[in-house]
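Report on one structure; see the data block that follows.
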Amino acid sequence: MTEAKPKVDMEKLVSLCRRRGFIFPSSEIYGGLSSCWDYGPLGVELKRNIKQAWWRAVVQQRDDMVGIDASILMHPQVWQASGHVEGFSDPLVDCKNCHKRWRSDELEGDKCPECGGELTEPRLFNLMFKTFVGPVEDEASVVYLRPETAQGMFVNFENVLNTTRKRLPFGIAQIGKSFRNEVTTGNFIFRCREFEQMEIEFFVKPGTDKQWFDYWVEERLNWYVSLGIKKENLKLRQHDKEELAHYARDCYDIDYLYPMGWAEMEGIANRGDFDLVQHAKSSGKNLNYYDEESKEHIVPYIIEPSAGVDRTALAVLCDAYDEDVADGEARVLLHLHPSIAPIKVAVLPLSRKETLTPLAKEVYAELRQQWMISYDEAQSIGRRYRRQDEIGTPFCVTVDFESLEDKQVTIRERDSLRQIRVPIEGLKATLQAKLDGEDLFVLPDGGKIWKGG
Ligand code: GAP
């Protein structure tokens, strides 16, 4: 079997993201801030669509899950109990010659990879960002920016249990920002100091944890495929004993084939009863669950599928990137799945002539009630199609002079370049069906094939 290769190099992708307004360096006018990124007008839509797809799959469409939105700043004892104050650190070395800093566990030899200089002894560096609550900056007022959203769900276990009357097995889901003062940075949005996580804490009866762990590994892998990511670019990787985090009994990473190689996009861990036991001990609260069946108090085990929004965004962009020739001209296109494409449909009047504008604007106004729509009348129709292809817009609707007579428009499909002509009346329903995956050549009443086939 031939090994899969990444299709796009990072430089090309970064350039496209910058050029088209997906992602900019943070505070760019001041030279940027290392490993912080701003999502632009298209990036914010892509990210929202990813988060919405996740929420729909894991909360909206399930009976056994509820969502929360916990605060980023939490009681400092949370991070004592979780083990983060003690152990959430990377071993660091400095080059005595060029003063560059490295993670010693990522180095191959004992010399500086940049200049070959001698390195200092490793010392541990805690990855949590520290700050202070209130006006006094002393030890008593230290708080941390959360390095994961997970703890917000553990400490709310009892609140959720008591207010929702959920019984085991059930889960809590959360999407939110996390912060880590990462030592090794780079690879665009793969490793950021501020990033977003989509995490589930799924509480189960001890003894059923293995079965639920397997269930979630499969469920989460399938979710990425449903976003349009190719199966051959996804891989499951089980952690060996040495690699397992202090809280984990078992863990699989879902790796994606990024431009720099295979790397973690999501981790699914069996955390056992570690978290509830730790927080019960530290808070003095009873975090047990009364099991009606066995008439016993038990501490649930937790299965944790923990995904990164930014790493998912990077994966879908890499996976969608393509270059081909359309109508005799080279084009760059993103084969984004319609559910996550930032713009669903572009409305393009064939020309800027005043006679066409009112009808084109009318079509645009109608469609934007339902989706993010783009309206573009500048330059030739070919250039405008390519602009939409490059940002992954699945369909273009063209309003031409015949439209004024026959009240029909053409729909052009991004990937196949096929076109159909359909009545404006019912256009919304036709587009909805196509966005949901119906073949373009399944025609509505009064529609006809226009191009391709
Ligand atoms: N609660 C468990 C936890 O946080 P993790 O493996 O450290 O586990 C989970 O993080 C996911 O969060 C990763 O798989 C990745 O997608 C994302 N992630 C972690 N650190 C990140 C960073 N510095 N930049 C971007 N995403 C990150």
Side-chain angles (χ1 to χ4, degrees), residues 23 26 33-37 39 43 47 50-51 54 70 72 74 78-79 81-84 87-90 103 106 125-129 144-155 171-202 213 216-217 220-221 223-224 227 229 234-239 243-256 258 260 262-272 274-275 278-279 302-318:
I23 300 162
S26 160
L33 179 66
S34 171
S35 292
C36 294
W37 299 92
Y39 286 77
K47 209 153 84 130
I50 289 170
K51 290 187 279 186
W54 184 87
I72 287 173
M74 302 178 74
V78 168
W79 307 110
S82 68
H84 282 83
F88 193 55
S89 20
D90 282 342
R103 260 174 69 172
E106 285 183 348
F125 171 77
N126 196 293
L127 300 187
M128 283 196 294
F129 281 101
Y144 301 94
L145 300 190
R146 68 179 176 201
E148 60 173 17
T149 67
Q151 300 298 327
M153 295 180 270
F154 304 140
V155 301
I172 309 181
Q174 175 168 220
I175 300 177
K177 288 257 174 155
S178 294
F179 303 82
R180 296 182 190 179
N181 199 359
E182 296 283 1
V183 179
T184 43
T185 53
N187 287 329
F188 197 26
I189 53 172
F190 180 80
R191 197 182 305 282
C192 318
R193 292 200 164 106
E194 175 179 340
F195 55 97
E196 264 186 291
Q197 290 185 308
M198 306 180 281
E199 296 199 290
I200 298 167
E201 304 303 336
F202 201 75
F213 179 68
W216 277 111
V217 170
R220 295 301 305 142
L221 189 65
W223 183 74
Y224 290 103
L227 286 193
I229 296 183
L234 292 165
K235 196 153 81 177
L236 284 175
R237 193 182 68 80
Q238 190 171 20
H239 286 208
E243 197 187 351
L244 281 179
H246 60 282
Y247 52 74
R249 294 167 171 245
D250 200 353
C251 184
Y252 270 99
D253 284 348
I254 298 177
D255 284 358
Y256 177 76
Y258 291 103
M260 67 284 184
W262 290 101
E264 175 189 341
M265 179 160 59
E266 167 160 354
I268 300 133
N270 180 349
R271 300 181 68 116
F274 177 84
D275 307 283
Q278 283 297 107
H279 285 301
I302 296 175
I303 309 300
E304 178 195 62
S306 171
V309 180
D310 311 82
R311 288 190 190 177
T312 306
L314 182 58
V316 294
L317 286 168
C318 293

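Each ligand, and each atom within it, is numbered from 1 in the order the structure gives.
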Problem set entry | For atom 25 (C) of ligand 1, the protein heavy atom that lies nearest, with its residue and separation | Phe190 O, 3.2 Å
Seminar exercise, completed: One finds that the ligand 1 atoms under 4.0 Å from a non-hydrogen atom of Met265 are 14 (O), 15 (C), 16 (O)
Problem set entry | Under 3.5 Å: donor-acceptor pair, side chain of Glu199, backbone of Thr149 | yes
Exercise. Who are the side-chain hydrogen bond (donor to acceptor under 3.5 Å, both in side chains) partners of Glu304, not counting sequence neighbours?
Worked result: Arg271
Exercise. Considering distance alone, does some N or O of Pro147 sit under 3.5 Å from an N or O of ligand 1?
Worked result: no
Exercise. For atom 23 (N) of ligand 1, which candidate among Glu182, Glu199, Glu201 holds the nearest heavy atom?
Worked result: Glu182
Exercise. Would you say Arg193's side chain and Glu182's backbone share a donor-acceptor pair under 3.5 angstrom?
Worked result: yes
Exercise. Considering only protein heavy atoms, which is closest to atom 13 (C) of ligand 1, and at what distance to one decimal place?
Worked result: Glu264 OE2, 3.2 Å
For this session: Report yes or no: does Arg103 contribute a side-chain atom to a donor-acceptor pair with the main-chain N or O of Val183 at less than 3.5 Å?
Result: no
For this session: May I ask you to list the atoms of ligand 1 that are less than 4.0 angstrom from any heavy atom of Ala150?
Result: 1 (N)
For this session: Counting heavy atoms only, name the option from Arg180, Glu304, Met198 that's nearest to atom 5 (P) of ligand 1.
Result: Arg180
Exercise. Just by distance, with hydrogens left out, do Glu266 and Tyr224 show a side-chain donor and acceptor under 3.5 Å apart?
Worked result: yes
Problem set entry | Atoms in ligand 1 flagged as close to Glu266, the criterion being non-hydrogen separation under 4.0 Å | 14 (O)
Problem set entry | Closest candidate by heavy atom, reference atom 9 (C) of ligand 1, pool Ser82, Gly308, Cys251, Ser306 | Ser306
Exercise. Out of Trp37, Phe154, Phe195, whose heavy atom sits nearest atom 21 (C) of ligand 1?
Worked result: Phe195
Problem set entry | Salt bridge present between Lys235 and Asp255 (N-O < 4.0 angstrom) | no
Exercise. Considering residues at least two apart in sequence or located in another chain, which fulfil the ring-ring contact (aromatic ring centres under 6.0 Å, His included) criterion with Phe190?
Worked result: Tyr258
For this session: Indicate yes or no for a side-chain donor-acceptor contact from Trp37 to the backbone of Phe188 under 3.5 Å, with no hydrogens or angles considered.
Result: yes
Problem set entry | Polar atom proximity, Cys192 to ligand 1 (N or O, under 3.5 Å) | yes
Seminar exercise, completed: atom 12 (O) of ligand 1 has as its nearest protein heavy atom Gln197 NE2, 3.2 Å
